[in-house]
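Step one of this worksheet: look at the structure below.
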Protein chains: 2
Amino acid sequence: MEKQNALNALAALGQETRLDVFRLLVKAGQEGLPAGAISDALDVRPNTLSTHLGALSRSGLVHAERDGRSIHYRADLETMQALVTYLLQDCCGGNPDLCAPIASLAAASCGQGGSADC
Amino acid sequence: MEKQNALNALAALGQETRLDVFRLLVKAGQEGLPAGAISDALDVRPNTLSTHLGALSRSGLVHAERDGRSIHYRADLETMQALVTYLLQDCCGGNPDLCAPIASLAAASCGQGGSADC
DNA sequence: TCCATATTTCGAGTATTCTCGAATTATGGA
DNA sequence: TCCATAATTCGAGAATACTCGAAATATGGA
C-alpha cells in the first residue's frame with residue numbers, strides 16, 4: 001500500500017460517522033447493506049451519509065454495487081488488511097524485536113470467536 | 001481501547017505531517033528524537049511541528065520527556081498495538097473466518113527483518 | 001407513460017484544521 | 001545575572017471538512 005492510500009484510509013476512519021459506517025459494514029459481512037439501511041441504523045441523513053460513503057469508497061475501504069433500486073455497500077477487508085500491514089511494517093521495519101508482541105496480540109484478538117484455526 | 005481513543009489515533013495518523021513524524025519516531029527507536037531534529041528532518045517549522053506533536057501526544061501515539069534544554073519524543077508502540085488490535089477486533093468479531101489471512105499477513109510483515117521468532 | 005422509492009449531487013452555512021509570524025516560557029552556561 | 005538555545009503558546013488568516021435542505025438522477029412497477 002502506498003503512503004497516500006494509507007493516509008486516505010486513516011483519514012477516512014478518523015471520523016466518527018465513517019468509523020461507525022465501516023464497523024457496521026464489517027459486521028454485515030459479504031452482502032453488505034444498502035445505503036438506506038445504514039442511514040436508518042446510524043440515524044444519519046441520506047445525503048450526509050452519501051458524502052461519507054463517497055469518502056470511504058474513494059479510500060478503498062468500501063465498495064458499492066447497485067442492486068435494483070438500492071445500492072449495496074460492503075467493507076473491503078483486503079484494504080483493511082493492507083492498512084494494518086502497512087502500519088505494522090512501519091513498526092517492524094526499524095524494530096523487529098517489537099513486532100512479536102503486536103503480532104501475537106493481533107492473533108489473540110482473532111481468537112475471541114473461539115475459532116482454533118484463527 | 002475505547003472507540004474515542006481509536007478515533008483520535010486514526011485522525012492523528014490521517015494527516016501527512018503527523019504520519020511522517022510518527023514513522024520517523026518509530027524508526028528512531030526507544031530514545032526518540034528531540035523536537036528540533038524532527039523539525040529539521042521533515043522540514044517543518046518548529047511551531048507547526050509543536051502543534052502536530054501535541055495532537056500525537058494527546059492521542060497517546062507519542063510521549064514527550066524533557067532532556068535538558070530539548071524535549072525528546074518517542075513513539076508509543078503499545079498504543080499502536082492497541083489500535084491495530086482494535087481494528088482487527090472490528091474485523092474478526094463478525095467474521096472470524098476472515099481474520100486468519102489478516103493475522104498471517106501481519107505475521108509476514110513481521111518476518112521482513114528475518115527474525116524467526118517474530 | 002407516470003409515479004414512488006433509493007440515492008446522489010448541488011450550494012451554502014458553520015465549524016474545524018492547518019500553517020505561520022510573533023511573543024512567551026524554560027533550561028543551561030558564561 | 002545575562003544571554004543563547006529549544007520548544008511552546010498565542011492570534012489570525014486561509015483552506016478544508018461537515019452537515020443540511022433542495023433539487024436532480026436512476027430504477028422498478030402500475
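A, B, ... follow the sequence lines: proteins, then strands. Residue 1 opens every chain. From a predicted model like this one, the values you see are computed outputs, not experimental measurements.
B:Y73 has no side-chain polar atom (N or O) that falls below the 4.0 Å cut-off from OP1 or OP2 of D:dA6.
Summarising the geometry, the separation between CG on A:L49 and P on C:dT7 is reported as 9 Å, rounded to the nearest angstrom. Counting to the nearest Å, the P atom of D:dA26 and the CD atom of A:E65 are 18 Å from each other. When the P atom of C:dC18 is taken as reference, atom CG of B:L19 falls 13 Å away, rounded to whole Å. Rounded to whole angstrom, the span from the CG atom of B:L33 across to the P atom of D:dA6 amounts to 15 Å. In this structure, B:L42 places its CG atom 12 Å from P of C:dT19, rounding to the nearest Å. Summarising the geometry, the separation between CG on B:N8 and P on C:dT16 is reported as 14 Å, rounded to the nearest angstrom.
A:Y73 pairs in a side-chain contact (heavy atoms from CB on, under 4.5 Å) with only one of the listed residues (A:L33, A:I38, A:V21), which is A:I38.
As judged by a 4.0 angstrom heavy-atom cut-off over every strand, B:S70 is placed among residues touching the sugar-phosphate backbone only.
Atom CG of residue B:L61 and atom CG of residue B:L53 lie 11.5 Å apart, to the nearest 0.5 angstrom. A:N8 CG to A:M1 CE: the interatomic distance, rounded to the nearest 0.5 Å, is 9.0 Å. The structure places CD of A:Q30 at 11.5 Å from CG of A:L25, a figure rounded to the nearest 0.5 Å.
Comparing C:dT8, C:dT7, D:dA7 against the side chain of A:L53 picks out C:dT8 as the nearest.
When every heavy atom of A:I71 is checked against every heavy atom of A:A64, the shortest pair comes out as CG2-CB, 3.9 Å. Smallest separation of non-hydrogen atoms from B:G68 and B:R66: O-NH1, 3.2 Å.
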Check: residues 13-20 of chain A side-chain donor-acceptor pairs under 3.5 Å, at least two apart:
unit_1 : atom_1 : unit_2 : atom_2 : d
A:Q15  : OE1    : A:T17  : N      : 3.1
A:Q15  : OE1    : A:R18  : N      : 3.1
A:E16  : OE2    : B:K3   : NZ     : 3.1
A:R18  : NE     : A:A12  : O      : 2.9
A:R18  : NH1    : A:H52  : ND1    : 3.2
A:R18  : NH2    : A:A11  : O      : 3.3
A:D20  : OD1    : B:K3   : NZ     : 2.7
A:D20  : OD2    : B:K3   : NZ     : 3.3

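Using a 4.5 Å heavy-atom cutoff, the side chains of B:T48 and B:R45 are in contact.
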Let's go through A:R23 and A:V26 carefully: what are the C-alpha distance in whole Å and the side-chain angles of both, what is the deciding distance for side chain to side chain contact (heavy atoms under 4.5 Å, CB included) to 0.1 Å, and is it a yes or a no? CA-CA 5 Å; A:R23 295 177 75 182; A:V26 166; 5.6 Å; no
Do nucleotides 11-22 of chain D as a string where each nucleotide becomes B, S or -: B if the base has a protein heavy atom under 4.0 Å, S if just the sugar-phosphate does, - if no protein is that close. -------SBBBB
For every nucleotide of nucleotides 25-30 of chain C, 5' to 3': is a protein heavy atom under 4.0 Å from its base (B), only from its sugar-phosphate (S), or from neither (-)? --BB--
